[in-house]
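Before any comments, here is the structure.
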Amino acid sequence: MRTFYKGWWISAAILLLAMSLSYSQGVLNENQIKTAVFLSPKFVLGPGSVENRYYYNINFPRGHISLKSFNAEVIDEAGNPVPLHETYLHHWVVARYYGHVEYNDSRKPSESDYFIVRNDGICQKGVLGQYFGLGSETRGTATHIPDPYGIEIGNPADIPEGYEERWLLNVHAIDTRGVEDKLGCTECRCDLYNITVDEYGRPLRPDYAGGLRCCYDQTQCRVRHGFEGATRSLYLRYTVKWVEWDSSLVPVKIYIFDITDKWKRFNDSTGLSTEHDCRVEYDIEPCSATDVADHECINTKRISLTMPTGGYVIYGVAHQHSGGIGSALYREDGKAICSSIPAYGDGIEAGNEAGYIVGMSTCYPQPGSVKITDGETLILESNYSSTRGHTGVMGLFYILVADQVPEPEHLLHLPVKMYDKINRSAYVGAAIVLVGIVSAVAIVQFLFRNKVEDEYQPIMT
Ligand SMILES: *[C@@H]1O[C@H](CO)[C@@H](O)[C@H](O)[C@H]1NC(C)=O
Ligand SMILES: *[C@@H]1O[C@H](CO)[C@@H](O)[C@H](O)[C@H]1NC(C)=O
Ligand SMILES: *[C@@H]1O[C@H](CO)[C@@H](O)[C@H](O)[C@H]1NC(C)=O
């Protein structure tokens, strides 16, 4: 009896796999996907130095298309991947804008030259308007969007007369070769950068210990006495995948939520409005000795947010910095919509650097299974280990949302009844496999979490 069940589960699982393969192929032939690899403009870093530049009108696929993925990494002039313990990738951000056709990027843009096309997210005042953006976790984080979904861009009907669609890239990289305190430099601690006024010469708040205001472009983190290291030229190499637009494709909207969002409602001439104030960064206070004894060194930050327009969740991922131990988006009743957990490296090679977040887990709900309603209140949660303090950490959450999911008969050429039946039993099988995997992952994470905390410093010097 036992063997029979075992065999049955395995067949069900294989069947599910086979069906999901034929599913994606039925919708879109693999070879319709186009891939392009681009290099950012060159940036030059020496030990302890910082680059935080904006590159306008970068190379990017053109035309009316549907974006399927965006991956990136820092490489040197020979094309070799550069590990995070040498060049820490604090973040990179890719934003869409409409540039005036007569403005050719030879001078600093003025207001009439361009305007940013923001994502559908709820932050305001010029922050977090990007289409893509991650940090140290870039190499190990899935970004692909399943068929038939994608980010629609380049629709000529949307582009105002006299403008064209362009893209800008911001790369913030910190060279930590030979520095006194690698974690401190990556967390932009002001004392290590000897910074007391911001980029614009304004004095920092006395309690501002670290964050982006202390590691702006051309700042310098403290290097060990006598350390010599050559400057070197680096690039962000980015890979974009897309398909030509056609009406069978379903566009997704990009939402970015920020755990530091101090939003409020107020009445104005148009009625009830919402004002968001996304501060992007926050600090983690170290826990007390009694907390250490009680193993309660977790900083949990939680806010509630309102989703103005809902839809079906197609993808989700969080962005956290070193010390992060997970982030999640819940419904008001506590049901999870997506949780995203960091993976820490345990080696020295690029993509597996010890003590750094080298990937974030992602969510791909079965399309149609997770719907957020218009005006629904959501809870965003971000957890950090507080075994030690941290400055300038982040808690962002990206979701991709579709207004509709295609009717199943448009996707599957299998008899619907059979699909239903097989799928249901296969789900049970898959669920059991999943429970196994999740418990294994939880155990590994538990073991790992404790390890990671004493591994912040080993970060190769
Ligand atoms: C860009 O525009 C400026 C003035 O509008 C012009 O002098 C310059 O030659 C242009 N550069 C290119 C590459 O077209
Ligand atoms: C730090 O900055 C101050 C003033 O900006 C300067 O006088 C001092 O020499 C700097 N210290 C170091 C170690 O660079
Ligand atoms: C965050 O920490 C709280 C308290 O320990 C825990 O209940 C919650 O599940 C954690 N969330 C995530 C996403 O890890």
Side-chain angles (χ1 to χ4, degrees), residues 46-50 137 141 178-181 184-185 188-204 206 208-210 213-216 218-227 257-259 282 284-285 287-288 291-292 294-305 313 316-344 357 359-363 365 370 378-387 390 393-399 438-439 441-450 452-453:
S49 74
V50 177
E137 74 276 31
T141 304
V179 298
E180 273 183 19
D181 177 348
C185 291
C188 301
R189 259 177 42 203
C190 302
D191 57 333
L192 293 169
Y193 287 88
N194 192 24
I195 296 285
T196 52
V197 295
D198 73 8
E199 194 169 359
Y200 310 102
R202 297 173 301 205
L204 298 174
Y208 189 85
R213 292 196 185 115
C214 287
C215 60
Y216 48 86
Q218 308 304 307
T219 51
Q220 173 70 43
C221 202
R222 199 188 304 153
V223 173
R224 286 199 312 270
H225 188 71
F227 180 84
F257 303 112
D258 177 6
I259 197 79
Y282 65 110
I284 305 289
E285 295 297 327
C287 62
S288 66
D291 290 334
V292 177
D294 297 340
H295 304 283
E296 273 174 4
C297 292
I298 296 180
N299 176 294
T300 298
K301 208 171 159 74
R302 221 177 263 133
I303 59 162
S304 77
L305 293 160
V313 179
V317 69
H319 170 70
Q320 293 192 306
H321 287 196
S322 285
I325 49 175
S327 173
L329 198 59
Y330 303 98
R331 295 190 194 274
E332 218 172 4
D333 68 4
K335 246 189 222 123
I337 290 175
C338 172
S339 62
S340 179
I341 310 294
Y344 285 85
I357 295 184
M360 293 295 298
S361 71
T362 47
C363 299
V370 180
L378 305 177
I379 312 293
L380 175 62
E381 179 181 74
S382 176
N383 285 348
Y384 272 83
S385 159
S386 56
T387 305
H390 297 281
V393 302
M394 295 192 195
L396 306 182
F397 214 102
Y398 286 67
I399 55 171
V438 167
S439 346
V441 167
I443 292 165
V444 169
Q445 264 172 359
F446 174 74
L447 294 174
F448 198 44
R449 205 171 276 171
N450 300 327
V452 160
E453 269 138 26

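Whatever order the structure lists ligands and atoms in, that order sets their numbers, starting from 1. FYI, the numbering just counts along the sequence from 1.
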Exercise. Give yes or no for whether the N/O distance cutoff of 3.5 Å, strictly under, is met between S327 and ligand 3.
Key: no
Quiz item: Hey, what's the ring geometry for H390 with Y384, parallel, tilted or perpendicular (30° and 60° as the breaks)?
Solution: tilted
Quiz item: Are S382 and Y282 close enough that a side-chain donor and a side-chain acceptor fall under 3.5 Å?
Solution: yes
Practice problem: Nearest heavy atom to atom 1 (C) of ligand 2 wins, so pick from N194, T196, V197. | Solution: N194
Quiz item: Does Y344 use its side chain to pair, donor to acceptor, with the backbone of G323 at less than 3.5 Å?
Solution: yes
Quiz item: Is there a donor in the side chain of E381 and an acceptor in the side chain of Y330, or the other way round, less than 3.5 Å apart?
Solution: yes
Quiz item: Protein heavy atoms: any of them under 4.0 Å from atom 3 (C) of ligand 2?
Solution: yes
Quiz item: Do NZ/NE/NH1/NH2 and the carboxylate oxygens of D333 and R331 come within less than 4.0 Å?
Solution: no
Quiz item: For ligand 3, which atoms sit closer than 4.0 Å to a heavy atom of E381?
Solution: 1 (C), 8 (C), 10 (C), 11 (N), 12 (C), 13 (C)
Quiz item: Near N383, which atoms of ligand 3 are under 4.0 Å from a heavy atom of that residue?
Solution: 1 (C), 2 (O), 3 (C), 8 (C), 10 (C), 11 (N), 12 (C), 14 (O)
Quiz item: Within 4.0 Å of atom 14 (O) of ligand 2 (strictly less), any protein heavy atom?
Solution: yes
